[in-house]
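Worksheet: the structure to be examined is printed underneath.
Residue numbering restarts at 1 for every chain, and letters A, B, ... go by the order of the sequence lines. Values reported hereafter were calculated over all heavy atoms of this structure, with side chains retained and with hydrogens, waters and symmetry mates removed.
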2 protein chains.
Amino acid sequence: MRTQLLERAARMLREREPITLRSLVAGTGVSTMAVYTYFGGMDGVWRALRQEGFTRLAARLEALVVPADPVEDLVAGAAAYVVNALEHPDLYRVMFDATVDLEDLEAAEATLGHLERAARRCRDGGRIAEDADPDRLATEVWTVCHGIVSLVVSRVASRRTLASGIPLLAAVITAAGDDPAACRRSVEAGWAALRPPQGSTATASTSTR
Amino acid sequence: MRTQLLERAARMLREREPITLRSLVAGTGVSTMAVYTYFGGMDGVWRALRQEGFTRLAARLEALVVPADPVEDLVAGAAAYVVNALEHPDLYRVMFDATVDLEDLEAAEATLGHLERAARRCRDGGRIAEDADPDRLATEVWTVCHGIVSLVVSRVASRRTLASGIPLLAAVITAAGDDPAACRRSVEAGWAALRPPQGSTATASTSTR
DNA sequence: GAGCTTTCCATGGCAATGTGATGCCATAGA
DNA sequence: TCTATGGCATCACATTGCCATGGAAAGCTC
């Protein structure tokens, strides 16, 4: 029942229907009090949606095949973050709209953890300086991605702004010590996941989901 | 009357009181319909608040004394952007929360315009490559700042994350062609506006406002 | 100045919202 | 079979944004 309501809420969010206590239970044969039993109120519904969003994002990151090139790995994680946000823009907004609380933060940490692991690989593989802080690099990458995608999702910046991810990430990783030319190549490879939504039309119908 | 209501709304937002049609007019001696006359509804109030936020930001940027060093100028604009957001976090959230519409975009453009002017100065002054695109650099700087401040304001990242502005901006501007050492110096100088909230306690009481 | 129009906004009510008190009842444990 | 626990349906409430109505003031024409 709980998951049924949650999925229904996620679907309504995706389809841009207003999520209201009554509209949420309408047609499910269940009454409004059920929402209070399972979520403790509408706030709880939004919180659950937020967590669901982070969980889905973490799953997506986990499902990535890790390339041999650690820098490409790092950027691929960043790209997956961006793609996820673009595919579920409303969910993304919910995830960062309100002032998040601590349990949400844990889920967010998981996301950051993926990037940190890749950043450590970069250092261990000698791609960035030995004394560079991988966690800091991961945070910087995350910050950049969040900035880009946040502006695009809220339509302040056009979708073309996504392309700036390449020079930005290249600048950040190069600053951490990577060789400029190699870095550029790795970044472009890792960022490639962003290409399909711009170029191809069909052929992607057999993807996940 | 309109500005009185708008200022009242801004104050309520600042003081974290819920802004409601009735709470907005309560005590003003005016009725709810006045809000419809002046704003066309609560949506209009939020839109007006958004625009007010952009206007205030633009004024703040305009009031900056432009330093001789163009890179410092660029970064000072970025820092002012961040400081403004930190001083009025709720207003900042409103500015980017909803899907903004076109008239809001104009105001946002003004903000970007300030950075673009500074970026052009950087190119004309020979600080970045001649074939570098100043507008792109300005957008990148904006993106980075928005990413940082957005994470900090929504409490996803700690306030310490603000410090990453220096290496990030240095990386971005260096990538555009500036000399690394000089860039670092300019960025630190421009970013200095962020220092007070961390360090000093008094002595800043005679500042603006 | 009288009459007409227009603009502004106070009154009051409406539908929809989130919330919660009350109590029914199915299930499980004795 | 009796009972007790917990899930949830029913119903009522306060509050929300919105607006139809109408009154009052201001402007315009003659």
With a cut-off of 3.5 Å and sequence neighbours excluded, list every side-chain donor-acceptor pair involving residues 138-146 of chain B.
residue : atom : partner : partner atom : Å
T139(B) : OG1  : D135(B) : O            : 2.9
W142(B) : NE1  : Y81(B)  : OH           : 3.1
T143(B) : OG1  : T139(B) : O            : 2.7
H146(B) : ND1  : Y92(B)  : OH           : 2.6
H146(B) : NE2  : S150(A) : OG           : 2.9

Show me the side-chain donor-acceptor pairs of residues 108-119 of chain B shorter than 3.5 Å, one per line, residues at least two apart or across chains.
none

Which pairs would a plain distance check flag for residues 17-29 of chain A, meaning a side-chain donor or acceptor within less than 3.5 Å of a matching protein atom at least two apart in sequence or in another chain?
residue : atom : partner : partner atom : Å
S23(A)  : OG   : P18(A)  : O            : 3.2
S23(A)  : OG   : T20(A)  : N            : 3.0
S23(A)  : OG   : T20(A)  : O            : 3.1
T28(A)  : OG1  : V25(A)  : O            : 2.6
T28(A)  : OG1  : V30(A)  : N            : 3.3

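Think of the region where chain A sits on DNA chain D: with heavy atoms and a 4.0 Å cut, that region ends 5' and 3' at dC8(D) to dA12(D).
Across the protein-nucleic acid pair, L24(A) atom CG and dA16(C) atom P stand 17 Å apart, rounded to whole Å. Between the CD1 atom of I19(A) and the P atom of dT17(C) there is a distance of 13 Å, given to the nearest Å. When the P atom of dG23(C) is taken as reference, atom OH of Y36(A) falls 20 Å away, rounded to whole Å.
Here T20(A) does not reach the OP1 or OP2 of dA16(C): none of its side-chain N or O atoms lies under 4.0 Å away.
Remark: D69(A) pairs with R127(A), S186(A) by the side-chain hydrogen bond (donor to acceptor under 3.5 Å, both in side chains) rule, at least two apart or across chains. Listed by chain and residue number, nothing satisfies the salt bridge (charged side-chain N to carboxylate O under 4.0 Å, His left out) test with E7(A) (two or more places apart in sequence, or in another chain). With sequence neighbours left out, the salt bridge (charged side-chain N to carboxylate O under 4.0 Å, His left out) criterion links R123(A) to no other residue.
Between D73(B) and R121(B) there is a salt bridge, since at least one side-chain N of the basic residue sits less than 4.0 Å from a carboxylate O of the acidic one.
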Task: Footprint string (nucleotides 9-15 of chain C, 5' to 3'): B base within contact, S backbone only, - free, heavy atoms under 4.0 Å - done: BBBBB--
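Listed by first then second residue, pairs satisfying side-chain hydrogen bond (donor to acceptor under 3.5 Å, both in side chains) with a partner in residues 33-42 of chain A number zero, not counting sequence neighbours.
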